[in-house]
Every structure is written in structure tokens, then in C-alpha cells.
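Worksheet: the structure to be examined is printed underneath.
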Amino acid sequence: MRRSVEWLTATRESSINFTPLHALDGIITPNGLCFERHHSGVAEVNPLDHRLMINGLVDKPLIFSMEDLYRFPRENRIYFLECAANSGMEWRGAQLNGAQFTHGMIHCVQYTGVPLKYILQEAGIKTNAKWIMPEGGDAAGMNRSVPMAKALDDCLLAFKMNGEALRPEQGYPLRLVVPGWEGNMWVKWLRRIEVGDKPWHTREETSKYTDLMENGKSRRFTWVMDCKSVITSPSPQAPLNHKKGHTLLTGIAWSGRGRVSRVDVTIDGGKNWHAAKVDPLSLPMAMHRFYYEFEWDGKPLLLQSRAIDETGYIQPTKDELRAVRGTNSIYHNNGIQTWHVRANGEVENVEIS
Amino acid sequence: MLKFPRATILTLALLIATMMVVALATSAPANAGKLGLGTKATSKQIKAWDIDVRPDGQGLPNGHGSVADGERIFLVKCALCHGEFGEGSGRWPVLAGGADSLDSENPVKTVGSYWPYLSTAFDYIHRAMPFGDAQSLKPNETYAILAYLLNMNDIVEDDFVLSKKNFTSVKMPNADGFIDDPRPDARNIKKRKPCMKNCKKNVKITKRARIVDVTPDKEKNDATSPKID
């Protein structure tokens with residue numbers, strides 16, 4: 001059942017919902033439990049009528065039907081999709097009492113689709129082409145600028161998720177996949193890609209999805225999702241139901257720059273860290289699952305996880321992030337999350353010294 | 001004069017013909033890597049969908065609109081959500097004001113105080129607004145609304161007329177307010193190996209969610225609740 005949070009956005013037509021991380025395991029998010037947001041309601045698109053146009057700096061502007069797209073070379077990739085505003089409500093402190101709400105603007109599914117490079121090759125991109133502009137076919141017509149190097153590298157035009165057709169709220173019949181980069185760029189109900197020599201500076205990459213720093217300047221084109229992790233159980237929605245003894249802790253980690261190479265866990269608020277067991281299914285720009293077992297003495301705990309990715313980047317604390325970015329940047333909060341476990345097993349979202 | 005026997009000529013002809021067929025099949029480098037899928041888009045089809053506008057003015061339709069015209073249209077089509085003076089109504093976004101507030105504790109980001117380019121507003125208003133009636137505005141109406149928006153934000157005078165001709169001459173107050181992504185940042189670069197044992201002496205809880213208590217499992221409609229736009 002999908003519920004809307006009334007006060008979170010101006011209307012239901014531009015609403016968001018959250019993946020129930022506390023209740024899941026493994027790295028694949030079931031299709032019906034994938035968070036999503038939209039800017040003008042969920043478009044209902046007839047796949048027979050749907051078209052994808054490629055125009056601009058190309059040798060031959062083309063229009064594809066879905067049937068045309070099904071005839072291109074196809075790939076399957078498992079990728080996480082995280083909203084840049086995930087954990088955005090937590091910049092100023094511990095606010096929402098649940099992993100679903102603090103970290104739930106993320107999912108991870110297997111996409112089936114056509115590498116975008118084949119489509120661009122079909123149209124023939126001109127030598128001065130440096131950017132593409134994907135545009136949605138819903139009422140918002142949402143558009144972004146994507147650099148050509150990324151477009152040709154690993155972007156996909158996806159039409160299936162976890163083996164079945166994209167859900168309507170996930171962009172049926174066609175969405176763009178931009179591995180490791182912020183979810184807003186993964187345009188849904190994709191109807192057009194324009195090829196150009198300069199970025200368009202659309203509303204979603206100027207008014208929104210720019211990071212305001214303390215000094216009043218803003219960062220733009222903040223595309224990549226930094227390495228991040230969170231313990232999903234125990235968490236406020238997954239309290240401990242035993243008084244003491246052998247305890248299993250689990251969580252997820254991910255990085256927009258590749259694989260997660262290590263996750264450390266602390267149960268005493270960062271005094272001592274232990275290497276968690278990361279599931280061997282480790283794919284670049286996909287979710288990773290980790291576990292840590294310990295003997296609980298029944299006393300209060302302060303749980304944290306800290307992920308390190310293959311570039312050597314270490315997940316920072318919220319204080320380290322705030323020291324650089326202030327508290328008004330809204331986006332890209334990948335700080336370490338702390339859960340306070342009480343003696344009675346209840347769990348609360350806290351911040352610590 | 002025929003010097004060669006007939007058989008040789010036939011063999012030669014066959015050889016040349018085969019070579020030509022083979023050559024035709026493998027040449028045409030302009031189509032290299034193409035699968036022959038999709039249909040050519042006509043200029044009419046492209047014109048119908050190609051609605052984007054860039055900061056350098058590319059994509060702007062012909063047209064013009066005055067501040068006065070813009071005010072009239074705004075009151076009818078926009079004010080219900082955005083307020084008569086762009087101050088925002090209820091949860092709908094505020095469009096005017098916020099000048100010099102970006103480095104304060106509570107910055108107000110509006111078209112005037114934050115958006116770097118005017119073209120963004122043209123592109124967005126035409127493609128997505130009014131909310132629920134997207135792409136209904138004619139070019140002149142969009143120019144007029146923009147002129148009014150600029151006036152609301154004290155960027156142009158009351159008698160200003162915005163047009164395709166003078167569009168790129170309008171500089172937004174925050175045009176120089178953006179820098180490209182400098183990340184990765186905030187990582188513990190001093191320590192190659194993060195601390196594992198006896199990393200801190202004392203730990204205390206400094207903030208708690210229970211006190212703030214805005215988790216969505218309760219009924220709430222608080223203006224101070226964290227929100228997403």
C-alpha cells in the first residue's frame with residue numbers, strides 16, 4: 001500500500017514516498033516497494049503511442065517506437081537509484097524517527113535496456129556535440145543536461161525493472177538510467193533527447209539540485225552520489241525484541257563511484273569499530289548488504305556504520321559534512337547515521353558528540 | 001582487338017562483378033555501426049516537441065510582453081498558487097524577494113534571488129506551468145509573465161517590455177553565484193586508515209528525533225516541518 005505524506009510536498013501531484021528499508025534484506029528492492037517522486041502525477045502512457053525523438057546536433061534526427069527500441073542490443077545492470085535529497089531533512093539534526101524516512105529515497109533493481117550509445121550512434125552525433133538533454137513526456141516535461149561523456153559511457157534506456165515492465169510510477173514505458181548519479185537525472189516517461197554543445201541550465205539543475213553553501217555560493221552539476229551506508233536493523237521501525245544475547249545487525253552501503261570495498265560498524269558510538277561482513281555480491285554503483293554479529297549485554301547502544309568505497313573515499317560524519325557545507329545545502333547528505341538502542345530494545349534516531 | 005581467349009574474359013568479368021558486389025556490401029562508411037532502426041523525424045515533428053530554451057537564447061520563440069500585461073496574466077493564471085506578488089500561497093513556491101539572503105541562516109531562494117539565468121524561467125514556465133495546464137501559454141504570454149516576475153524582483157522598471165531581442169541582455173542577480181562541483185570533499189583525507197580502536201574517550205547524545213517528533217506515522221501539517229520542494 002502506497003501512502004502519501006501530506007505535509008512533505010505542496011500537493012500529491014508532486015509527492016514522494018520512501019522505500020521501507022527496515023523491512024528488506026539482500027540488495028534487490030521489490031518493484032512495488034521502490035520509492036519514487038514525480039512532479040505532475042504519475043503519467044499513464046500507452047506504449048503503442050509512445051515515441052522517443054533524438055534531435056539537435058545529429059546527422060539524422062530520428063523517432064523510435066518502443067518496438068524499434070526492443071530491436072537494439074540489450075543489457076542487464078543492477079544499479080541503485082538515490083535521490084540527492086535523501087536524508088535532506090537530517091541536515092539540521094536528528095529529525096525523522098525511522099530508516100525508511102531518513103534514508104528511504106533509494107532503491108536498487110536490475111534494469112534491462114539499450115545502452116544509450118547505440119541510439120546516439122544510430123542518429124550520428126556531430127563532432128561538436130558535448131551534452132544531451134533528456135526530456136520527460138509527462139505534464140512536467142522535466143528536463144536535465146547530461147554531459148556526452150557520461151551519456152556514451154554507461155547510460156541506459158531502460159524498459160524493464162527486475163524482469164518486468166517498468167512500473168508507471170517508475171517511468172513506464174521508458175526511463176533514462178544514469179548509473180551512480182542523482183535520481184532526478186534518470187528522466188521518466190522519456191520522450192526526447194536533444195543533442196547540443198552547451199548545457200541548458202534547466203530548472204532542475206539551477207533552482208533545484210544545486211547545493212547552497214554557508215557563504216552564499218552554490219555548487220552546481222553535483223551529479224555523483226557519494227559513498228554512504230545505514231544500519232537498517234536495528235532501527236526505530238525495527239526494535240530489538242530480545243533482552244540480551246546474540247544479536248545480528250544489518251544494513252546497506254553504496255557508492256556512485258564504484259564498489260563499496262569495506263563497511264565498519266560501531267556499537268559504542270565510535271569508540272571502537274569492527275569490520276562488518278559485506279555480502280560477496282558486490283557490483284559497481286549497486287547496493288551492498290552487510291551484517292555484523294555481537295553479544296548484547298542488554299545495556300544501551302549507539303550504533304553507526306561507516307562505508308569506504310574502492311576510490312578510498314570514507315563516509316564522513318554529519319559534523320564533518322556540516323563543517324564544509326553548512327546546513328542549507330539540502331542535497332547530498334551522506335553522513336554517518338547514529339541509532340540509540342535502549343535497554344528495552346526501542347531505537348531512536350540521534351546525533352552524538 | 002581481342003587478345004585473350006573468351007573463357008578468360010568471362011572469368012575476369014565474373015571476378016570483377018563479384019568484387020563489385022562485395023565492395024558494395026561492405027562500403028558506405030557513413031552507415032557504419034547503424035542498424036537501420038527508427039524513422040527520420042520531420043521538421044514539423046521536431047518543431048512540435050523542441051520547446052527547450054538555453055541561456056544563450058537558442059530556442060526562444062518570437063514574441064514580447066510588458067510588465068503590465070504580465071501582471072494581468074499573472075493575477076488570472078498564477079496568483080492563486082504563487083500569490084499576487086509572488087509571495088507564495090500556502091505550500092506553493094515563493095517567486096519574489098529573498099535578495100541578499102543566501103548567506104543567512106534562513107535563505108529565501110526565489111527566481112530573483114537565486115536563479116542564475118532568465119532562460120530557465122522561460123523554459124520552465126512554458127513547459128510546466130500553470131500547474132495542471134502545462135504548455136498552454138502562448139509565447140507573448142510567457143514573455144509578459146517573465147517581465148512581471150523580473151519587475152516583482154526589482155530587476156526591471158515598471159515600463160519594461162521583454163522580447164526575444166533583448167532577452168539575453170537581462171542579467172540575473174545571482175548569475176555569478178554558482179561554482180562547479182568540487183567533490184569529493186569532507187572525507188577524512190588526513191588519515192589514510194580510519195581509526196578502529198579507542199577512537200574517542202567520551203560520547204554523549206546531542207540531538208534526538210523523539211523531541212522533534214515529525215515522523216510521518218502521525219498526523220501533522222506543521223509549517224515548521226521539514227519539507228521537500
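Lettering follows sequence order; numbering is per chain, from 1.
Contacts between A:W91 and chain B at a heavy-atom distance below 4.5 Å are absent for every atom of the residue. Using a 4.5 Å cut-off between heavy atoms, A:E194 touches chain B through its side chain atoms alone. Heavy-atom distances place no part of A:N334 under 4.5 Å from chain B, backbone and side chain included. For A:L302, the part lying near chain B is the side chain, with the backbone staying farther off; criterion is any non-hydrogen pair under 4.5 Å. For chain B, the nearby parts of A:V350 are the backbone and the side chain; heavy atoms of each come within less than 4.5 Å. Heavy atoms of A:Q100 lying under 4.5 Å from chain B are absent altogether. Both the backbone and the side chain of A:R92 have a heavy atom closer than 4.5 Å to some heavy atom of chain B. For A:F72, the parts lying near chain B are the backbone and the side chain together; criterion is any non-hydrogen pair under 4.5 Å. With a threshold of 4.5 angstrom between heavy atoms, B:F178 approaches chain A through its backbone and through its side chain. Only the backbone of A:P199 comes within contact range of chain B, with at least one heavy atom under 4.5 Å from a heavy atom of that chain. Only the backbone of B:V53 comes within contact range of chain A, with at least one heavy atom under 4.5 Å from a heavy atom of that chain. Residue A:H340 touches chain B through its side chain alone, counting heavy-atom pairs closer than 4.5 Å. With a 4.5 angstrom heavy-atom cutoff, B:T110 does not touch chain A via any of its atoms.
Between chain A and the residues B:T120, B:N202, B:N106, the largest count of heavy-atom pairs under 4.5 Å involves B:T120. Across A:H201, A:R51, A:H274, the residue that shares the most heavy-atom pairs under 4.5 angstrom with chain B is A:H201. When the candidates A:N215, A:D226, A:T202 are compared by the number of heavy-atom contacts under 4.5 Å with chain B, A:D226 comes out ahead. For the set A:A123, A:G93, A:A140, the entry with the most heavy-atom pairs within less than 4.5 Å of chain B is A:A140. The residue among A:S218, A:P236, A:G141 with the most heavy atom pairs within less than 4.5 Å of chain B is A:S218. Chain A forms more heavy-atom pairs under 4.5 Å with one residue of B:D176, B:I46, B:D100 than with any other, namely B:I46. With respect to chain B, the highest number of heavy-atom pairs below 4.5 Å among A:R325, A:Q315, A:E204 belongs to A:R325.
Heavy atoms from other residues, nucleotides or ligands lying under 6.0 Å from CZ of B:F85 number 12 at most. Atom CG of B:D103 has more than 12 neighbouring heavy atoms from other residues, nucleotides or ligands inside a 6.0 Å radius. More than 12 heavy atoms of other residues, nucleotides or ligands lie within 6.0 Å of NZ in B:K197, so this atom counts as buried by the packing criterion. Other residues, nucleotides and ligands contribute over 12 non-hydrogen atoms within 6.0 Å of the CG atom of B:L75.
Going from atom CG of B:D180 over to atom CZ of A:R219 covers 11.5 Å, rounded to the nearest 0.5 Å. Distance check, rounded to the nearest 0.5 Å: CZ of B:R183 to OG1 of A:T222 gives 5.5 Å. With values rounded to the nearest 0.5 angstrom, B:S104 atom OG is found 11.0 Å from A:E214 atom CD. Residue B:N174 holds its CG atom at 8.5 Å from CG of A:L212, rounded to the nearest 0.5 Å. In this structure, CD1 in B:I179 is found 11.0 Å from OG1 in A:T210, a value given to the nearest 0.5 Å. The NZ atom of B:K193 sits 11.0 Å away from atom CD1 of A:I308, with the distance rounded to the nearest 0.5 Å.
You'll find the side chain of A:K198 stays beyond 4.5 Å of the side chain of B:Q58, heavy atoms only. Counting only heavy atoms from C-beta outward, the side chains of A:R257 and B:P184 approach each other to under 4.5 Å. Residues A:R71 and B:L35 fail the side-chain proximity criterion, which asks for heavy atoms closer than 4.5 Å. Under the 4.5 Å side-chain criterion, counting only non-hydrogen atoms from C-beta, A:W223 is not in contact with B:D181. Looking only at side-chain heavy atoms (C-beta outward), A:I330 and B:K109 come within less than 4.5 Å of each other. Two residues are said to be in side-chain contact when any heavy atoms from C-beta on lie closer than 4.5 Å; A:D197 and B:R54 meet this criterion. In this structure, A:W273 and B:P194 have side chains that are not in contact, with every pair of non-hydrogen atoms separated by 4.5 Å or more.
Looking at every heavy atom in both residues, A:R192 comes nearest to B:I51 through NH2-N, 3.7 Å. Of all heavy-atom pairs spanning B:F131 and A:S40, the tightest one is CE1-CA, 4.3 Å. Of all heavy-atom pairs spanning A:G270 and B:C199, the tightest one is O-CB, 3.3 Å. In terms of heavy-atom proximity, A:A139 sits nearest to B:A134 at O-CB, 3.3 Å. Across every non-hydrogen atom of B:G38 and A:L62, the tightest pair is C-CD2, 4.4 Å. Across every non-hydrogen atom of A:Q121 and B:K34, the tightest pair is O-NZ, 2.8 Å.
Proximity of a side-chain donor or acceptor of A:R191 to a complementary backbone N or O of B:W49 within less than 3.5 Å is detected. Listed for the A:N328 side chain is a donor-acceptor partner under 3.5 Å among the backbone atoms of B:E105. Remark: the backbone N or O of B:A209 is not paired with any side-chain donor or acceptor of A:Q95 at under 3.5 angstrom. The main-chain N or O of B:N198 is found under 3.5 Å from a side-chain atom of A:N272 such that the two form a donor-acceptor pair. Of the possible donor and acceptor atoms, none in the side chain of A:S207 sits under 3.5 Å from a partner among the backbone N and O of B:W115. Looking only at distances, no side-chain donor or acceptor of A:K271 sits under 3.5 Å from a matching main-chain atom of B:V203. The backbone N or O of A:G269 lies less than 3.5 Å from a partner atom in the side chain of B:K200, making a donor-acceptor pair. Although no hydrogens or angles enter the test, the distance criterion places no donor-acceptor pair under 3.5 Å between the side chain of A:K60 and the main chain of B:T39.
B:D50 and A:N55 form a side-chain donor-acceptor contact under 3.5 Å, judged by distance and modelled atom types alone.
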